[in-house]
Amino acid sequence: DMMLNLGEKLTDEDIKDMIDEADTEGNGSVSRKDFQRLMQAPALANQQLTKKQKIKKKKTKQKNQYNID
C-alpha cells in the first residue's frame, strides 16, 4: 500500500528483488542490520556524489581556464 501511495506499482518479483538485494544474510528477510545498512547507504552515496561533483567541477574549471574543448 505504501508504494502505491507513492505512485509506484511493484510486482511481486520487484519486491522479491528488493528484499534479495537488501538481505545480506541470505535468509529471505531484511534484518535490523540490513535495514541500518540501507538507511546509511543514501548518506554514503551522497558523499560519493559530492566528491564526484567536486572533481567534475574542478575539471570543468580547468577546461574553461585553458579553453579546452
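In this chain, numbering begins with 1 at the start of the sequence shown.
- Atom CG of Asn27 has more than 12 neighbouring heavy atoms from other residues, nucleotides or ligands inside a 6.0 Å radius.
- In this structure, Lys16 pairs ionically with Asp20, as a charged nitrogen and a carboxylate oxygen lie closer than 4.0 Å.
- Among residues two or more places apart in sequence or in another chain, the side-chain contact (heavy atoms from CB on, under 4.5 Å) test is passed with Asp17 by Glu13.
- For the pair Asp23 (side chain) and Val30 (backbone), a donor-acceptor distance under 3.5 Å is absent.
- With contacts defined as side-chain heavy-atom distances shorter than 4.5 Å, the pair Met18/Leu10 qualifies.
- For the pair Arg37 (side chain) and Ala22 (backbone), a donor-acceptor distance under 3.5 Å is present.
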